[in-house]
Amino acid sequence: MCSIFCCTTKEVDYKKMLDSFFRTVSRGPDMSRIEKTPSGYMAFHRLAIMGLNAAGMQPFSMGKDKVVCNGELYGFRPVKRHLEAQGYTFQSDSDCEILLPLYREYGLKMFSMLDAEFALVLYDGEKDEYIAARDPVGIRPLYYGYLENGSIVFASEPKNLVGLAEGDILPFPPGKYYYKGRFYTYCDVAAAEEYLPDGIDAVCRNIRIKLTEGVRKRLDADAPVGFLLSGGLDSSLVCAIGAHLLHRPVKTFAIGMDKDAIDLKYAREVAAHIGSMHTEVFMTREEVLASLEAVIAAIGSYDITTVRASMGMYLICKKIHEISDVRVLLTGEISDELFGYKYTDFAPSAAAFQKEAQKRVRELHMYDVLRADRCISVNSMEARVPFGDLDFVRYVMHVDPALKMNTYGKGKYLLRRAFEGDLLPENILWREKAAFSDAVGHSMVDDLKEYAEKKYGADWEEAAKRYAYHAKPFTKESLLYREIFEKYYPGQAGMVKGFWMPNRQWEGCKVNDPSARVLSNYGASGD
């Protein structure tokens, strides 16, 4: 994980700009650099993952052009060989060094050609133009705002722009590029004009092939790789596929509350099955409450689900950074948005299921993907998300939603069936889902609610009115998170669309808590 920054004007307080840039040095602690363009500044904090020597440091320059990119460009080596055959030369083993030659060869079409998760800003020295772009899922973060003189400024995180930009700080929309003051869509990965004719056997076969390939790509790193293992289906599949592909023990890490961690026993079983070098981390009520403010400051969100799920992820990543040399972590995010949550069992039709999936995929960059990025990057590691592989996401979004709906009596049936065999124990493969914030131990959410209950009296609703400008808090817990958020990101709640909740228009989903625990179909999930 790295941090990029670009100010498109020199009419800026340089000291203030420098201070803003260094707020995200944890994303790239290996080396930092700021360079001038004729009209502005481009800066980079590096976490070395591919091409570990100093030659891979950014900004990369070619002639008058410059680029800064936080990204992984999968399959870059054959592209690099093709460019070398065209006469381009390279100074490093970094994947991102191919971006400027690609731009000169293909122009703005290059973004559609990338199999990557990335956020970048490119300076075209011939036109004195700045071009920014973000991957179609939004796995790599990018934000923008405007200075008092109207010039745009880009940064990896909103904390870089607080106090520097005037007015709203906004997430750069995934699948778009910015050019000459406008945003253009180059890929809407959630769109599906028509569905594939594939039957269930073909769908399951392709799911297995494409997810396996998604994991394979993300094992390519010059820095040590590890895996987050919750014990649930998604992370267990990623870990098992990784171990199978590498033909050697992988490093897996799991976390849970010290008194009622639901998933640790399942993570332990998966680790034993795949023969991983497994580490368990326990967290206490005191650690959770003491870390709450740091977590919200790191993630830049007040969303209830995001904050809850970030607690365990932040603490385990902090521990991994302290005790190991791992620099890259593979995670199981994005499966739910593609294959369904517990609440999507209540979808009234296949069309409604698909519409909800599209909405969730398009908003991922504000929720689960944001959480994974911040919790991992603030601890100076890189997140890789195999379920977010572009080929995999495109395929699943084009599967007939009637096949994806839970008509089987088991959620995520297609994914489970796709991996039948000995990759995972049967009881793990077919176990009911537990939400991560519940799976680390139901007591964690109960502790957070109890803390909020004690903090606010009966007049909490009056306090909540201060934040009615966007996503007004509707519980004491949500007010607690919002007040901390506003301390670090005053007036910027619009960075997040709202609360990540079940679709209240569906029967069975009219609930006031985002946890699947409150749904009637939760049953024995997580036991």
Side-chain angles (χ1 to χ4, degrees), residues 1-5 24-32 44-53 56-58 68-76 92-97 99 114-120 134-135 137-142 155-157 160 174 214-229 235 238-239 242 246 250-253 279 298-300 310 313-334 364-365 368-390:
M1 204 65 71
C2 301
S3 181
I4 65 173
F5 183 93
T24 49
V25 71
S26 63
R27 295 186 68 91
D30 295 338
M31 192 175 180
S32 300
F44 190 72
H45 294 302
R46 186 186 187 205
L47 178 69
I49 300 296
M50 301 297 293
L52 302 184
N53 60 37
M57 183 57 186
Q58 300 184 37
V68 286
C69 178
N70 168 23
E72 293 298 334
L73 313 184
Y74 301 111
F76 78 95
S92 76
D93 295 323
S94 171
D95 50 338
C96 293
E97 196 181 355
L99 291 168
L114 295 176
D115 179 11
E117 44 207 41
F118 70 93
L120 67 79
R134 192 178 186 187
D135 69 75
V137 179
I139 290 174
R140 295 304 170 94
L142 189 61
S156 285
E157 294 192 26
N160 296 117
V215 174
R216 186 193 307 275
K217 294 175 190 176
R218 285 156 183 81
L219 296 175
D220 185 6
D222 295 331
V225 176
F227 296 77
L228 292 183
L229 175 57
S235 67
V238 170
C239 292
L246 289 171
V250 298
K251 293 180 179 179
T252 54
F253 301 87
T279 301
I299 64 176
S310 293
M313 183 170 261
Y314 171 85
L315 288 170
I316 193 170
C317 291
K318 185 172 183 284
K319 191 68 174 179
I320 293 168
H321 181 69
E322 291 170 355
I323 65 173
S324 79
D325 63 351
V326 166
R327 305 292 288 276
V328 176
L329 280 172
L330 272 70
T331 76
E333 272 74 29
I334 305 184
L364 265 167
H365 66 288
D368 282 10
V369 163
L370 177 151
R371 165 176 56 83
D373 173 83
R374 302 299 197 284
C375 291
I376 293 174
S377 68
V378 77
N379 289 293
S380 300
M381 292 178 288
E382 174 173 294
R384 293 190 179 177
V385 190
F387 281 100
D389 183 76
L390 293 181

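Predicted model, so just to flag it, every value in this text is computed and none were measured.
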Heavy-atom pair of closest approach, residues Asn160 and Ser3: OD1-OG, 4.4 Å
For Leu364 against Val137, the heavy-atom pair lying closest together: CD1-CG1, 4.2 Å
Results of side chain to side chain contact (heavy atoms under 4.5 Å, CB included) for Pro174 - residues two or more places apart only: Arg134, His365
Which atom of Val369 lies closest to which atom of Ile139, heavy atoms considered: CG1-CA, 3.4 Å
With Asp95 via salt bridge (charged side-chain N to carboxylate O under 4.0 Å, His left out) - residues at least two apart: none
Residues in salt bridge (charged side-chain N to carboxylate O under 4.0 Å, His left out) contact with Glu157, at least two apart in sequence or another chain: Arg27, Lys159, Arg374
Distance (rounded to the nearest 0.5 Å) between Asn70 CG and His45 NE2: 12.0 Å
Working for side chain to side chain contact (heavy atoms under 4.5 Å, CB included), residues Val326 and Phe253: CA-CA 11 Å; Val326 166; Phe253 301 87; 4.2 Å; yes
Non-hydrogen atoms of Arg327 and Ala48 that approach each other most closely: NH2-N, 4.5 Å
Derivation and outcome, side chain to side chain contact (heavy atoms under 4.5 Å, CB included), residues Ile320 and Ile376: CA-CA 10 Å; Ile320 293 168; Ile376 293 174; over 6 Å; no
Smallest separation among heavy atoms of Phe44 and Cys69, with atom names: CE1-O, 3.4 Å
Set of side chain to side chain contact (heavy atoms under 4.5 Å, CB included) partners for Asn379, sequence neighbours left out: Tyr314, Cys317, Lys318, His321, Met381
Verdict with supporting geometry, Leu246 and Val225, side chain to side chain contact (heavy atoms under 4.5 Å, CB included): CA-CA 11 Å; Leu246 289 171; Val225 176; over 6 Å; no
Counterpart residues, side-chain hydrogen bond (donor to acceptor under 3.5 Å, both in side chains), relative to Asp115 (two or more places apart): Lys217
Donor-acceptor under 3.5 Å (Asp135 side chain, Phe118 main chain): yes
Whether Thr331 side chain and Val385 backbone form a donor-acceptor pair below 3.5 Å: no
Distance in Å, Ser94 OG paired with Phe76 CZ, rounded so as to fall on 0.5 Å steps: 7.0 Å
Steps toward side chain to side chain contact (heavy atoms under 4.5 Å, CB included) verdict (Met57, Asp30): CA-CA 10 Å; Met57 183 57 186; Asp30 295 338; over 6 Å; no
Residue pair Val238 / Gly332: nearest heavy atoms and the distance that separates them: CG2-CA, 4.4 Å
For Glu382, all residues meeting salt bridge (charged side-chain N to carboxylate O under 4.0 Å, His left out), sequence neighbours excluded: Arg140, Arg384
Inter-residue atom distance Ile316.CD1 - Leu228.CG, 0.5 Å rounding: 5.5 Å
Nearest-0.5 Å distance, CG of residue Leu330 to CG of residue Leu219: 6.0 Å
CG-CE distance between Asp373 and Met313, expressed to the nearest 0.5 angstrom: 10.5 Å
Value rounded to 0.5 Å, distance of CD1 in Ile334 from CG in Asp368: 8.0 Å
